[in-house]
Amino acid sequence: MFDVLIFGGGVSGMSCALVLGSAKDKDFAAEKEIGVFTHQKSSSLQEAVFNNAYGIPAGALGSDLLMKSTGHLSQLYPHITQIPNEKILRVEGQSPDFTVTTNKSTYKTKAIVVAIGAANTFSIEGLMQFVEPHQKSLPEKQRIQLHNTDHKVAEGIYVAGTLAGWRSQLAIAAGSGAAVATDILTRWNNGVQTHVHDSIR
């Protein structure tokens, strides 16, 4: 049983995983089982080059960032389970007992974070009732989002990045994933507002 499973290895999903992973020394997070589906083939970063993203060297390729992010997560937070090359097909159940079925296996989790793109090819059974037109994208692009309030779709279900209705900018997607992570940490910390910082002191 996972405490949280993150769907997506792009900017918002990996940002969420990194923040959750960084809380490993907190008592309320120390024993939590965290997993992330790192399927990245459909990520919009595959064809991206960055010149306007804070902290990212000019000319950085999105495809390189994708590979570096999984390595970063493995190196610093190996307690997070990375699940590559699986496509999520179906979500069943309700909080805190979801069953997630992929093209290869089945998983149990208490909560999920849906952090995949906003393309209208979205087809995860059990989540289709939350699909609506994207509110910050041109209509002709036919993008979608999951209906949510401050990233929360339903009890135990969160959405991050462009699928949460945010515009397609790396910094926005990263912030969205981090925001969801701090909401989850706050929940694990019995509702006490929580964030995680590292310091040189």
Side-chain angles (χ1 to χ4, degrees), residues 1-50 53-57 60-88 98 100 102-105 107-117 151 157-164 166 168-189 194-200:
M1 171 69 80
F2 284 93
D3 289 282
V4 62
L5 272 174
I6 302 165
F7 298 2
V11 177
S12 60
M14 294 307 287
S15 293
C16 184
L18 287 165
V19 173
L20 290 175
S22 70
K24 60 185 175 58
D25 295 328
K26 305 286 187 183
D27 289 342
F28 58 81
E31 302 299 322
K32 299 298 185 184
E33 294 290 337
I34 304 163
V36 55
F37 291 97
T38 55
H39 182 74
Q40 298 178 327
K41 285 185 179 179
S42 59
S43 173
S44 58
L45 261 68
Q46 293 288 1
E47 298 179 350
V49 59
F50 292 98
Y54 179 78
I56 306 295
L61 298 178
S63 55
D64 289 340
L65 293 178
L66 286 170
M67 288 191 300
K68 288 178 181 177
S69 66
T70 54
H72 180 178
L73 190 65
S74 294
Q75 181 181 2
L76 289 184
Y77 311 119
H79 63 288
I80 293 185
T81 302
Q82 293 192 40
I83 308 167
N85 305 318
E86 294 192 30
K87 181 178 180 180
I88 297 117
F98 294 103
V100 177
T102 75
N103 60 328
K104 295 182 180 179
S105 192
Y107 303 87
K108 302 286 284 184
T109 184
K110 296 177 183 177
I112 64 174
V113 177
V114 188
I116 59 180
H151 296 107
I157 302 176
Y158 300 86
V159 62
T162 55
L163 195 62
W166 297 108
S168 180
Q169 294 284 153
L170 183 143
I172 296 173
S176 173
V180 170
T182 57
D183 286 345
I184 292 170
L185 292 175
T186 296
R187 182 172 181 172
W188 290 349
N189 196 21
T194 304
H195 50 261
V196 185
H197 295 303
D198 296 319
S199 174
I200 61 173

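Atom set for the values below is all heavy atoms of this structure, side chains included, hydrogens, waters and symmetry mates excluded. Just so it is clear, the model here is predicted, and its values are computed rather than measured.
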Colleague: Does Ser105 offer a backbone N or O that forms a donor-acceptor pair with the side chain of Thr102 under 3.5 Å?
Modeller: yes

Colleague: Report, one line per pair, each donor and acceptor closer than 3.5 Å where one atom sits in a side chain of residues 173-182; sequence neighbours left out.
Modeller:
{"from": "Ser176", "atom 1": "OG", "to": "His151", "atom 2": "NE2", "distance (Å)": "2.8"}
{"from": "Ser176", "atom 1": "OG", "to": "Gly161", "atom 2": "N", "distance (Å)": "2.8"}
{"from": "Thr182", "atom 1": "OG1", "to": "Ala178", "atom 2": "O", "distance (Å)": "3.4"}
{"from": "Thr182", "atom 1": "OG1", "to": "Ala179", "atom 2": "O", "distance (Å)": "2.8"}

Colleague: How would you list, by chain and number, every residue that makes a ring-ring contact (aromatic ring centres under 6.0 Å, His included) with Phe2, sequence neighbours excluded?
Modeller: none

Colleague: So which heavy atom on Asp3 is nearest to which on Glu31, and how close?
Modeller: OD2-O, 4.2 Å

Colleague: Does the side chain to side chain donor-acceptor pair (under 3.5 Å) test come out yes or no for Gln82 and Thr70, once each step is laid out?
Modeller: CA-CA 8 Å; Gln82 293 192 40; Thr70 54; 4.6 Å; no

Colleague: Would you please name every residue forming a side-chain hydrogen bond (donor to acceptor under 3.5 Å, both in side chains) with Lys108, sequence neighbours left out?
Modeller: Asp97, Thr99

Colleague: Could you tell me which residues satisfy side chain to side chain contact (heavy atoms under 4.5 Å, CB included) with Lys68, sequence neighbours excluded, listed by chain and number?
Modeller: none

Colleague: What residues, two or more places apart in sequence or in another chain, satisfy ring-ring contact (aromatic ring centres under 6.0 Å, His included) together with His195?
Modeller: His197

Colleague: Measure from the side-chain N and O atoms of Asn189 to the backbone N and O of Thr194, and report whether any donor-acceptor pair falls under 3.5 Å.
Modeller: no

Colleague: Under the side-chain hydrogen bond (donor to acceptor under 3.5 Å, both in side chains) rule, collect the residues that match up with Tyr107, sequence neighbours excluded.
Modeller: Glu86

Colleague: Yes or no on side chain to side chain contact (heavy atoms under 4.5 Å, CB included) for Met1 and Glu33, after CA distance, side-chain angles and deciding distance?
Modeller: CA-CA 7 Å; Met1 171 69 80; Glu33 294 290 337; over 6 Å; no

Colleague: Determine the minimum heavy-atom distance between Ala29 and Leu185, stating which atoms define it.
Modeller: CB-CD2, 4.4 Å

Colleague: Taking distance alone, no hydrogens or angles, what donor-acceptor pairs closer than 3.5 Å link side-chain atoms of residues 13-23 to residues at least two apart or in another chain?
Modeller:
{"from": "Ser15", "atom 1": "OG", "to": "Val11", "atom 2": "O", "distance (Å)": "2.8"}
{"from": "Ser22", "atom 1": "OG", "to": "Val19", "atom 2": "O", "distance (Å)": "2.7"}

Colleague: Look at the side chain of Lys32 and the backbone N and O of Lys24, then say whether any donor-acceptor pair between them is shorter than 3.5 Å.
Modeller: no

Colleague: Which residues pass the ring-ring contact (aromatic ring centres under 6.0 Å, His included) test with Phe7, sequence neighbours left out?
Modeller: Phe37

Colleague: Name all residues meeting the side-chain hydrogen bond (donor to acceptor under 3.5 Å, both in side chains) criterion together with Asp183; count only those two or more places apart in sequence or in a different chain, and write none if there are none.
Modeller: none

Colleague: Can you list everything that forms a salt bridge (Lys or Arg N to Asp or Glu O under 4.0 Å) with Lys26? Sequence neighbours excluded, please.
Modeller: none

Colleague: Under the side-chain hydrogen bond (donor to acceptor under 3.5 Å, both in side chains) rule, collect the residues that match up with Asp64, sequence neighbours excluded.
Modeller: none

Colleague: What's the verdict on side chain to side chain contact (heavy atoms under 4.5 Å, CB included) for Ile184 and Val113, showing C-alpha distance, side-chain angles and the deciding distance?
Modeller: CA-CA 10 Å; Ile184 292 170; Val113 177; 3.6 Å; yes

